[in-house]
Amino acid sequence: MFTSPSREFPFSTQDFDKIRKMIYDYAGIALAPGKEDMVYGRLARRLRALGLSSFGDYLHRIESGDTREFELFTNSLTTNLTSFFRESHHFPALIDQLRVQRERGGTLQLWCSASSTGEEAWSMAISACEAFDTLTPPVQITATDLDTHVLETGRTGIYSADDVEKLDPARVRRFFVRQSDGRYQIRPELKSLVTFRQLNLIAPSWIVRGPFDAIFCRNVMIYFDKPTQARILQRFAPLLKPDGLLFVGHSENLYHSADLFKLRGKTIYQLASAGR
Ligand SMILES: C[S@@+](CC[C@H](N)C(=O)[O-])C[C@H]1O[C@@H](n2cnc3c(N)ncnc32)[C@H](O)[C@@H]1O
C-alpha cells in the first residue's frame, strides 16, 4: 500500500497494478511504475464526481460493465498534449508530398492517427490549403483518436486565444474566425476537409481503409511497448500508397521496423519497397 497521508482516497499497489493492466490491455498504454501519482490525480477526479470513497469501488464499477465510466477512465489516462504546427518541419514536407501526389490526379487521402484535440489535423488541413492556394483543396483527412473527449474538441474546431497565439497572424486571419467570446473557430470551408472518428490503434480492426498519401502517427508510439509499436507499423505499411509517407514524433524511430520503412527525412519515413 503506498497511500500517502495527504491523499483523499486510499490507493494501493494492487489498485495501481490493476489500472495498469486494464489500460494496457485496452489501449496498449504501458504505464511505467512511478506513474502512481499521475494515475491517482487523474482518477481521483472520477471518484469525486461519482461520490465514491475508494478505488476498489471505482474499479468494481468499471468491471461490472459500466461502459460509459470505462470510456471516462480511458479518457482520463490518455495524455493529450499537442499544438498547432507542432514539429513544424513536417508541414513543408507534407506540402511537397501533396503537390507531387496530386500530379497523379484524384483526391489525396491523409490519416492523422492520434489527433488529440485536433490541432494536428487542422494544421494538415491548413497545409493542404497552402499547398494548392485554395480553401477547398483536393484533400480528405481522417482524424482519429482513442479519447472521445478530445475528438469532440477537434470536431468543434474552437480554440482559445492561447492555443492560436503561436500561429502566424496571417494564418489566423485566413483560416480562423474570431468569435464574440474571444476564442477562434476553424473556418467552415476547412471543416469539410477533416472527419473525426474514434479509433483504437490496438483494436483488431480499423475503420480506415486507405490507401493514404500520408499517415501522421506522432507522439503516441512512445506510450506503447516495442511489440505493440511493431504490430501497428506492420498494419500501417499496406495502408500507404507506394509513395506514401509516414510522419512520426521527434523521439520515435523505426529502426526496429527497417524491413518495412526507410528514413526519407527527419522523422519522415517511406515504405522500404518504395523506389525499388
Ligand atoms: C500526446 S498526444 C499526441 C497528439 C498529436 N499526435 C501530436 O503529436 O501533437 C497522444 C494521443 O494519442 C492518443 N492515444 C493513446 N493511445 C491510443 C490508442 N491506443 N489508439 C489511438 N489513440 C491513442 C491519446 O488519446 C492522445 O490524444
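Atoms within a ligand are numbered from 1 in the order they appear, just like the ligands themselves.
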Glu69 bridged to Arg46 by N-O distance under 4.0 Å
yes
Leu199 neighbourhood, listing ligand 1 atoms whose heavy-atom distance to it stays under 4.0 Å:
20 (N), 21 (C)
Cationic tip of Arg48 within the cone over Phe9's six-membered ring, i.e. under 6.0 Å and within 45° of the normal?
no
closest protein heavy atom to atom 4 (C) of ligand 1 is Ala114 O, 3.3 Å
Salt-bridge present (Glu119, Arg86; N to O < 4.0 Å):
no
Any nitrogen or oxygen of Ile202, main chain or side chain, under 3.5 Å from a nitrogen or oxygen of ligand 1?
no
Phe224 near ligand 1 by a heavy-atom separation under 4.0 Å:
yes
Using a 4.0 Å cut-off to any heavy atom of Leu81, which atoms of ligand 1 qualify?
1 (C), 2 (S), 3 (C), 4 (C), 9 (O)
The atoms of ligand 1 lying under 4.0 Å from a heavy atom of Ser116, numbered in the order shown, are 4 (C), 27 (O)
Whether Glu252 and Arg218 form a salt bridge (side-chain N of Lys/Arg under 4.0 Å from carboxylate O of Asp/Glu) is what I want to check.
no
Could you see which bit of Phe247 sits under 4.0 Å from ligand 1, with heavy atoms only: side chain, backbone, both or neither?
neither
Under 3.5 Å between any N/O of Ser113 and any N/O of ligand 1: does that happen in this structure?
no
When you measure from atom 20 (N) of ligand 1 to every protein heavy atom, which one gives the shortest distance, and what is it?
Leu201 N, 2.9 Å
Among all protein heavy atoms in this structure, tell me which lies nearest to atom 12 (O) of ligand 1, with the distance rounded to 0.1 Å.
Val220 CG2, 3.3 Å
Check: Phe247 ring centre within less than 6.0 Å of Tyr269 ring centre:
no
Inspect the contact between Lys18 and Glu63 and indicate whether a charged nitrogen and a carboxylate oxygen are less than 4.0 angstrom apart.
yes
Pair Tyr159 + Tyr184: ring centers closer than 6.0 Å
no
Flag the pair Trp111 / Phe236 as yes when their ring centroid distance falls below 6.0 Å, and as no otherwise.
yes
Atoms of ligand 1 close to Asp147 [distance to a heavy atom under 4.0 angstrom, numbered from 1]
25 (O)
If you scan protein heavy atoms around atom 7 (C) of ligand 1, the nearest is Arg86 NH1, 3.2 Å
Heavy atoms only: which of Leu146, Ile29, Asn75 lies closest to atom 22 (N) of ligand 1?
Leu146
Under 3.5 Å: N/O of Ser115 near N/O of ligand 1
no
Say whether Asp145, considering both its backbone and side-chain N or O atoms, lies within less than 3.5 Å of an N or O atom on ligand 1.
yes
For a quick check under 3.5 Å, do Thr148 and Asn75 share a side-chain donor-acceptor pair by atom type?
yes
Which atoms from ligand 1 have a heavy atom of Thr79 less than 4.0 Å away?
1 (C), 2 (S), 10 (C), 11 (C), 26 (C)
Indicate yes or no: does an N/O atom of Arg218 lie under 3.5 Å from an N/O atom of ligand 1?
yes
Looking at Lys241, I'd like to know if its NZ atom is crowded, meaning that more than 12 non-hydrogen atoms belonging to other residues, nucleotides or ligands lie closer than 6.0 Å.
yes
For atom 8 (O) of ligand 1, the protein heavy atom that lies nearest, with its residue and separation:
Asn219 ND2, 2.7 Å
Are Leu108 and Val194 linked, directly or through other ILVMFWY residues, by side chains that come within less than 4.5 angstrom of each other?
yes
Cut-off 3.5 Å, side chains only: do Asp213 and Gln109 have a donor facing an acceptor?
no
For atom 9 (O) of ligand 1, the protein heavy atom that lies nearest, with its residue and separation
Thr82 OG1, 2.6 Å
Taking the non-hydrogen atoms of Ala27, is any one of them nearer than 4.0 angstrom to ligand 1?
yes
Ring centroid separation Tyr24 to Tyr223 under 6.0 Å
no
Quick note on ligand 1: atoms under 4.0 Å from a heavy atom of Glu120 include exactly 5 (C), 6 (N), 7 (C), 8 (O)
